[in-house]
J.: 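Have a look at this one before I ask anything.
Sequential numbering from 1 along the given sequence is applied to the chain's residues. On a predicted model such as this, the values are computed, not experimentally measured, just so you know. Every number for a ligand or one of its atoms is a count from 1 in the order of the listing.
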Amino acid sequence: MATDYRESSTALLDEPPVMDEENDGALDRVIPPAEDDFDGALDATESKRASRRREPTLTRDLIELTKPRIVMMILVTTVASAWIAMASPAGVSLSLLAWAVLLLGTGLVAGSAGAANQVWERVIDTLMPRTASRPLASRRMSLTLGVTMTAIAGLVGTGLLAWQFGVLPAAVGVATWALYVLVYTPMKTRTAWNTTVGAIAGALPVFMGYTAAGGQLTDLSGWMLFGVLACWQYPHFMAIAWLYRRQYAEAGFHMTTTVEPTGRSAAWQSIIGTVTLASCGVIACLAPAGQLILSPASFLTSVLVIAACWPLLKASLRFQQNPEDTRARKMLRWSLVVLPAVLLVMTLRMIGL
Ligand code: HEM
Ligand SMILES: CC(C)=CCC/C(C)=C/CC/C(C)=C/COP(=O)(O)OP(=O)(O)O
């Protein structure tokens, strides 16, 4: 199992982020110290991390190279998208083999994108405690192996998708890969608009699942799925960008919280992202086949979407009142619950609830 990504993510959700001791004076002028950052907590964080740390092995490093948690969540969105597409006018039912190929192919292409990002960022990753122990950054894995695995996973994944589902889902995968690796990754050190590009890249995989199951690129439900995914990434990432703002600033990344360190912009982006995410979900529930249907099912599922988004909106509003780590961590936790919940409600609606 992955060492750095998993550990740091768990720590991110549970504890105050570890701040670098060096350059604090200079950095404090730009980004004030976190309110709940105190020595006892940092010591506890370090010892918890040390007790969780497992010996890196080649297998664990290969998994970690793919950013496995993001891949898992991408696969959740792929399943929901394919299910929803199956219920669309042009939808086709997927066999067990087709499901397996869809998940394997998408997982390999997404894993290849995560690996390529780590190849690209192998030097800058050494500058952040969050990423410094990644296999390539720590030099446990050679660059040749990293590049080889990136290429094999990408080519096999794309080949599988093209073989089973034709050109369209495979082409969406290639386009997503290119946007994430070749556009988003270099943008991270140039402009905070990188998050918008990342949000598009993170949402595009819904069209892999959607088109693989016969959905058309012109379908409203496909675009509402895309909207849910793209908007969700604002509360999701603004929380992370706040918690890691010092590490991002020290490493030279341009994120909303490093260019606008009061947290106000991050908070508003989270609020607007959550409201728009809920709106996309509601539109999809009201018009599952493209036309407005006012029925008890439309009403019930719309209410469920709003109820599912409510805790995230509340967390974002509380963060807006007072941007601090505990509130950001709540936003992040809720983001990871809200996405599968909204996708579940949308799926139930589309398949005929
Ligand atoms: C603008 C887009 C996004 C950015 C910048 C972003 C960034 C991040 C970062 C930096 C982390 C924390 C990792 C750590 O603690 O080291 C994270 C966690 C995570 N992200 Fe995202 N992410 C984005 C979009 C997505 C998308 C599209 C998905 C999947 C659908 C996703 C799923 C996750 C998951 C599941 C976690 C794991 C939290 C955990 O480890 O428990 N993210 N993200
Ligand atoms: C099918 C396919 C190609 C899927 C790709 C999925 C994809 C593009 C996910 C993007 C999510 C994203 C922007 C993560 C943050 O990366 P980061 O580089 O900011 O994270 P880091 O700082 O942890 O490296």
Side-chain angles (χ1 to χ4, degrees), residues 2-15 17-18 64 66-78 80-81 102 105-122 124-125 127-134 136-137 153-154 157-158 161 169-170 172-189 192-209 226 228-241 243-244 247-248 251 253 255-256 269 273 329 332-333 335-337 339-340 343:
T3 49
D4 142 57
Y5 189 76
R6 193 207 62 240
E7 277 169 11
S8 58
S9 302
T10 312
L12 175 78
L13 290 170
D14 296 344
E15 302 141 1
V18 177
E64 179 171 7
T66 64
K67 303 194 178 178
R69 290 185 177 231
I70 293 187
V71 172
M72 287 309 295
M73 189 69 107
I74 295 275
L75 293 183
V76 169
T77 69
T78 307
S81 317
L102 177 62
T106 306
L108 284 170
V109 179
S112 163
N117 168 274
Q118 289 188 48
V119 166
W120 190 303
E121 295 188 329
R122 66 192 181 284
I124 200 163
D125 272 351
L127 304 179
M128 292 200 292
R130 180 175 75 81
T131 49
S133 66
R134 285 180 171 174
L136 288 166
T158 307
L161 292 171
V172 176
V174 172
T176 310
W177 192 102
L179 190 64
Y180 177 58
V181 178
L182 305 178
V183 183
Y184 168 76
T185 301
M187 269 179 91
K188 285 169 70 181
T189 51
W193 283 98
N194 72 70
T195 302
T196 303
V197 175
I200 296 170
L204 275 176
V206 300
F207 284 119
M208 297 169 75
F226 176 86
V228 162
L229 247 297
C231 299
W232 167 81
Q233 290 171 72
Y234 284 88
H236 169 71
F237 183 63
M238 289 306 144
I240 292 165
L243 290 166
Y244 285 121
Q247 292 191 25
Y248 278 131
F253 285 110
M255 300 297 175
T256 299
Q269 290 188 45
R329 217 168 292 122
L332 176 59
R333 282 202 190 114
S335 80
L336 296 172
V337 176
L339 181 62
L343 290 176

J.: Is it the case that ligand 2 has an N or O less than 3.5 angstrom from some N or O of Y248?
T.: no
J.: If you count the atoms of ligand 2 from 1 in the order shown, which ones are under 4.0 Å from a heavy atom of I70?
T.: 14 (C)
J.: From atom 16 (O) of ligand 1, work out which of M73, R130, M72, R69 has a heavy atom at the shortest distance.
T.: R130
J.: Does any part of the side chain of T78, heavy atoms only, come nearer than 4.5 Å to the side chain of L102, both counted from C-beta?
T.: yes
J.: Which of the numbered atoms in ligand 2 are below 4.0 angstrom from a heavy atom of A110?
T.: 1 (C), 2 (C), 4 (C)
J.: Give me the ring orientation class for Y184 and Y180: parallel if the planes are under 30° apart, tilted from 30 to 60°, perpendicular past 60°.
T.: parallel
J.: Between atom CE of M255 and atom OG1 of T189, what is the distance when rounded to the nearest 0.5 Å?
T.: 9.0 Å
J.: Q118 near ligand 2, heavy-atom distance under 4.0 Å?
T.: no
J.: Taking the side chain as C-beta and beyond, is there a heavy-atom pair between Y248 and I240 under 4.5 Å?
T.: yes
J.: Using side-chain heavy atoms (C-beta onward) and a distance below 4.5 Å, is Q247 in contact with T131?
T.: no
J.: What pair of heavy atoms forms the shortest contact from L75 to G107, and how long is it?
T.: CD2-N, 3.7 Å
J.: Are the side chains of S81 and F207 in contact, using a 4.5 Å heavy-atom criterion?
T.: no
J.: Provide the closest heavy-atom pair for S112 versus W177 in the form atom of the first, atom of the second, distance.
T.: OG-NE1, 2.8 Å
J.: Any idea which atoms of ligand 1 are less than 4.0 Å away from a heavy-atom of L336?
T.: 34 (C), 35 (C), 38 (C)
J.: Quick one: which of T195, I124, N194 gives a side chain to side chain contact (heavy atoms under 4.5 Å, CB included) with K188?
T.: N194
J.: If hydrogens are left out, which of Y244, F237, W232, Y234 has an atom nearest to atom 4 (C) of ligand 1, that is, the closest non-hydrogen atom?
T.: F237
J.: List every atom of ligand 2 that sits less than 4.0 Å from any heavy atom of A201, numbering the atoms from 1 in the order shown and giving each element.
T.: 8 (C)
J.: Are any of the N/O atoms on H236, whether in the backbone or the side chain, positioned under 3.5 angstrom from an N/O atom of ligand 1?
T.: yes
J.: For Y184, counting its heavy atoms only, list the atoms of ligand 1 lying under 4.0 Å from any of them.
T.: 5 (C)
J.: How far apart are the closest heavy atoms of P186 and V181, and which atoms are they?
T.: CD-O, 3.4 Å
J.: Please could you name the atoms of ligand 2 that W177 approaches to less than 4.0 Å, counting only its heavy atoms?
T.: 3 (C)
J.: Which pair of non-hydrogen atoms, one from A110 and one from I74, has the smallest distance, and what is that distance?
T.: CB-CG2, 4.4 Å
J.: N117 heavy atoms, cut-off 4.0 Å: which ligand 2 atoms fall inside?
T.: 18 (O), 24 (O)
J.: Tell me which one of H236, R134, Q247 gets a heavy atom nearest to atom 23 (O) of ligand 2.
T.: R134
J.: Specify the closest pair of heavy atoms between T256 and A192, including all atoms of both residues, with the distance to one decimal.
T.: N-CB, 3.7 Å
J.: Relative to ligand 1, is Y248 under 4.0 angstrom through side chain, backbone, both or neither, heavy atoms considered?
T.: side chain
J.: Under 4.0 Å from a heavy atom of A199: which atoms of ligand 1 are those, numbered in the order shown and with their elements?
T.: 1 (C)
J.: Would you say K67 and ligand 2 have an N/O pair spaced under 3.5 Å apart?
T.: yes
J.: Where's the contact between L332 and ligand 1, heavy-atom distance under 4.0 Å: side chain, backbone, both or neither?
T.: neither
J.: For ligand 2, is any non-hydrogen atom under 4.0 Å from L179's backbone (N, CA, C, O), its side chain (CB onward), both, or neither?
T.: neither
J.: Mind listing the closest non-hydrogen atom pair of T158 and V109 along with its distance?
T.: N-CG2, 3.6 Å
J.: Pick one of side chain, backbone, both or neither for how I74 approaches ligand 2, counting any non-hydrogen atom pair under 4.0 Å.
T.: side chain
J.: With the side chain counted from C-beta on, respond yes when V228 and T77 share a heavy-atom pair under 4.5 Å apart, and no when they do not.
T.: no
J.: Under 4.0 Å from any heavy atom of G202, which atoms of ligand 1 are there?
T.: 27 (C)
J.: Before signing off on this row, confirm whether Y180 and ligand 2 have an N or O atom pair separated by under 3.5 Å.
T.: yes
J.: Which is it for Q233 and ligand 2 at heavy atoms under 4.0 Å: side chain, backbone, both or neither?
T.: neither
J.: Evaluating non-hydrogen atoms only, which member of K188, M128, M255 is closest to atom 17 (P) of ligand 2?
T.: K188
J.: With heavy atoms under 4.0 Å as the rule, classify the contact between Y184 and ligand 2 as side chain, backbone, both or neither.
T.: side chain
